[in-house]
Amino acid sequence: MSTEVKKITIQNLNVFYNKIQALFDINLYIIEKQVTALIGPSGCGKSTFLRCLNKMNDLIEGCNLSGSITISNQEIINNNINPVLVRTKVGMVFQKANPFIKSIYENIAYPIKIHGMYKDKKDIENKVLESLSKVGLLDEVKNRLHESATLLSGGQQQRLCIARAISINPEVILMDEPCSALDPIATAKIESLIEELSTNFTIIIVTHSMQQAARISQNTAFFHMGNLVEFGKTKEIFNNPKNKRTEDYISGRIG
Amino acid sequence: MSKFRLFKEYIFQATGLFSIFILFFILIYMLYSIFINSYKAFYTHKITLTITFTEKMLKNQNLKDPNFASNILKVTLNNLLKTENIKTDDILSLKSIIDLSNLLEKENTALINKTYNLTFLLNSAIDNYLKNNISPQTLTPQILQEIKKLRLTKIIYPIFNIYFFTNNDSFSSELAGIKSAFIGSISSILVALIFSFIIGVSTAIYLEEFSSKKLLHSIVEININNLASVPSIIYGLLGITILQNFLLLPRGSIILSGILLGIISLPTIIINTRLALRGIPNYIKESGYGVGASKHQIIFNLVLPLALPNILTGTVLAMLRALGETAPLLLLGAFIFNTKTPLSLFDKSTSLPIQILLWYNIPSHGFLEKASAAISILILLVILISILTMYLKNKFEKKF
């Protein structure tokens with residue numbers, strides 16, 4: 001394995017929703033071009049944590065953050081950085097596939113256009129086709145690029161969302177339970193896609209499936225009740241957990 | 001127990017059905033009575049007169065003089081009806097005299113020794129007599145008998161009343177038309193649409209998407225909801241003080257009525273637009289944030305296209321209400337007898353509902369028919385706009 005570079009460093013992160021504290025003093029680092037899985041029971045703060053990384057929590061009224069998050073040595077919490085810039089660098093794929101209510105082509109061309117990556121129509125088209133082929137969707141949809149994206153199947157929609165996220169060349173991709181609404185075949189496709197993508201992108205994935213975390217991630221963080229209980233190499237967490245709660249959760253005794 | 005539950009369900013369904021039946025009955029009866037009262041205004045009667053112009057007739061006469069034309073018609077009519085004491089305007093519309101006068105002036109001596117079959121519009125008294133069998137008191141029963149005969153021999157014949165659509169208001173009911181009121185209504189609604197759509201939609205977008213939910217926000221919100229239920233005549237007073245006395249817009253003009261109707265529609269449009277925006281699920285916005293779109297881009301590229309069909313429906317509903325709005329316009333000087341077609345936004349004009357009021361106030365059968373016909377035109381307009389809106393909504397609505 002190549003040398004490990006810390007892409008994201010999280011220090012003393014506390015998150016409050018109004019008066020209720022959702023995350024307690026999280027210290028964590030994300031390694032570049034690897035897959036980091038966040039596991040834990042529902043309501044433990046995984047998604048909250050994920051949404052801190054691209055400032056999506058700013059959109060929720062009454063949400064307060066303290067601590068520091070640095071992405072590629074840039075602090076994103078305390079200074080007045082434009083959230084749009086953060087979200088350009090840190091793409092996100094959601095639990096429910098949410099393509100834009102536009103054509104398949106426009107779904108990928110739209111982010112390219114709004115960021116002004118290319119001016120020429122030919123360049124945009126090339127980038128769209130490239131993104132689609134990266135997620136293995138090109139062969140399936142090349143004859144109906146201009147049909148509505150909502151006509152695709154759930155798995156195809158989710159891959160389209162991934163294609164949309166990578167089309168603007170982000171550095172990090174956040175995935176919030178991307179497979180929870182999909183059947184095993186579509187899940188398998190997305191998992192292999194995540195593995196491929198991890199050669200180029202830093203991926204953080206929230207998942208409820210222990211097996212999925214074990215299969216695709218190099219690092220795993222276990223959250224419980226708003227605390228980071230354990231963080232380390234996936235193999236170690238699953239084979240040799242240091243914390244009792246982690247062991248209980250993995251073996252199905254809590255959660 | 002189970003039987004009681006079934007009974008309750010049955011009662012509930014029966015109540016619903018009954019209400020729908022009542023509603024349907026009212027609707028059908030309304031349309032029926034409007035039709036029954038108005039269809040007579042859509043046709044009128046004309047008479048064919050055969051006139052031979054001799055040299056003796058035209059010699060040494062002032063052909064431009066309407067009295068001369070009137071005289072020719074008088075003689076012809078008296079011959080036709082086998083009497084001697086009939087006057088032209090007992091039978092014919094004033095327009096007939098003008099028509100003949102124009103013909104005489106135009107053709108001049110070319111008319112000599114030629115026979116013409118000319119058609120002339122009957123006046124409203126005869127027209128009404130033929131439609132409703134209400135005898136005009138100026139004519140004797142013998143003459144009326146003759147008129148009946150002419151009707152049977154098709155010398156007097158019914159024809160589609162084009163004047164109702166091409167004429168402005170008039171003192172003679174056979175010539176009165178809705179042109180100026182129709183143009184006034186449509187153009188003031190268009191002014192209202194432009195004014196209220198731009199201001200209303202921007203206000204709604206700001207309130208829904210940008211403003212922080214603070215004290216000012218709730219004050220504005222409460223006020224907008226209240227404004228929607230303010231009686232429209234109060235807006236008329238607002239129009240007088242601000243639009244007419246301060247901005248000095250001409251009284252009774254299209255632009256004045258239009259802007260006032262726009263102001264009246266504003267609260268409805270704002271409320272409907274906010275509802276439409278609220279109906280867009282959050283994940284649509286999140287998908288935009290996920291690829292780093294700015295708030296402005298998300299609203300204009302992702303949210304608005306989806307909300308637009310509903311925004312348009314709400315706007316059209318508000319416009320249809322404005323179309324039937326009468327009270328505030330009465331205050332603003334739109335209650336006028338208008339014989340001129342409005343040519344610019346600053347011209348005086350009346351509107352369809354006010355034209356209906358004007359005609360309804362005249363105790364004459366002809367004008368009552370006209371009022372009913374104008375109502376049916378107004379209703380037809382509303383139905384057409386509604387159908388068009390439904391069609392557009394279905395066409396542009398996207399499933400999500």
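Note that the structure is predicted; figures quoted are calculated from it, not measured. Labels below follow one simple rule: chain letters A, B, ... track the order of the sequence lines, proteins then strands, and each chain is numbered from 1.
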Q. CG of B/L27: more than 12 outside heavy atoms within 6.0 angstrom?
A. yes

(Q) Please classify the contact of A/K89 with chain B as side chain, backbone, both or neither, using a heavy-atom distance under 4.5 Å. (A) neither

Q: Evaluate the criterion side chain to side chain contact (heavy atoms under 4.5 Å, CB included) for residue pair B/I284 and A/N98; output intermediate values, then yes/no.
A: CA-CA 7 Å; B/I284 301 274; A/N98 56 356; over 6 Å; no

Q) Shortest non-hydrogen contact from A/R164 to B/S287? A) NH2-CB, 3.7 Å

Q. Above 12 or not: heavy atoms from other molecules or residues under 6.0 Å from CE of B/M30?
A. yes

**Q.** Atom CZ of B/F210: over 12 foreign heavy atoms under 6.0 Å
**A.** yes

Q. For B/Y289 and A/M56, which heavy atoms make the closest approach, and how far apart are they?
A. CB-SD, 3.5 Å

**Q.** Check: A/H115 side chain, B/V291 main-chain N or O, donor-acceptor pair, under 3.5 Å
**A.** yes

**Q.** Rounded distance [0.5 Å steps], CG in B/L306 versus CZ in A/F100
**A.** 11.0 Å

Q) Given that the side chain runs from C-beta out, which part of A/L85 has a heavy atom under 4.5 Å from chain B: side chain, backbone, both or neither? A) neither

Q: Check the pair B/E286 / A/R51 against salt bridge (Lys or Arg N to Asp or Glu O under 4.0 Å), numbers first and verdict last.
A: CA-CA 11 Å; B/E286 278 189 343; A/R51 279 157 178 266; 2.9 Å; yes

Q. When rounded to the nearest 0.5 angstrom, what is the spacing between CG in B/N301 and OH in A/Y110?
A. 3.5 Å

Q. So how far is it from A/L59 CG to B/N282 CG, rounded to the nearest 0.5 Å?
A. 8.5 Å

Q) Counting heavy atoms not belonging to A/D120, are there more than 12 under 6.0 Å from its CG? A) yes

Q. What part of A/I114 is in contact with chain B, defined as an atom under 4.5 angstrom from a non-hydrogen atom: side chain, backbone, both or neither?
A. both

Q | A/K102 vs B/L302, side chain to side chain contact (heavy atoms under 4.5 Å, CB included): CA-CA, chis, key distance, verdict | A | CA-CA 9 Å; A/K102 293 171 184 279; B/L302 302 179; 3.7 Å; yes

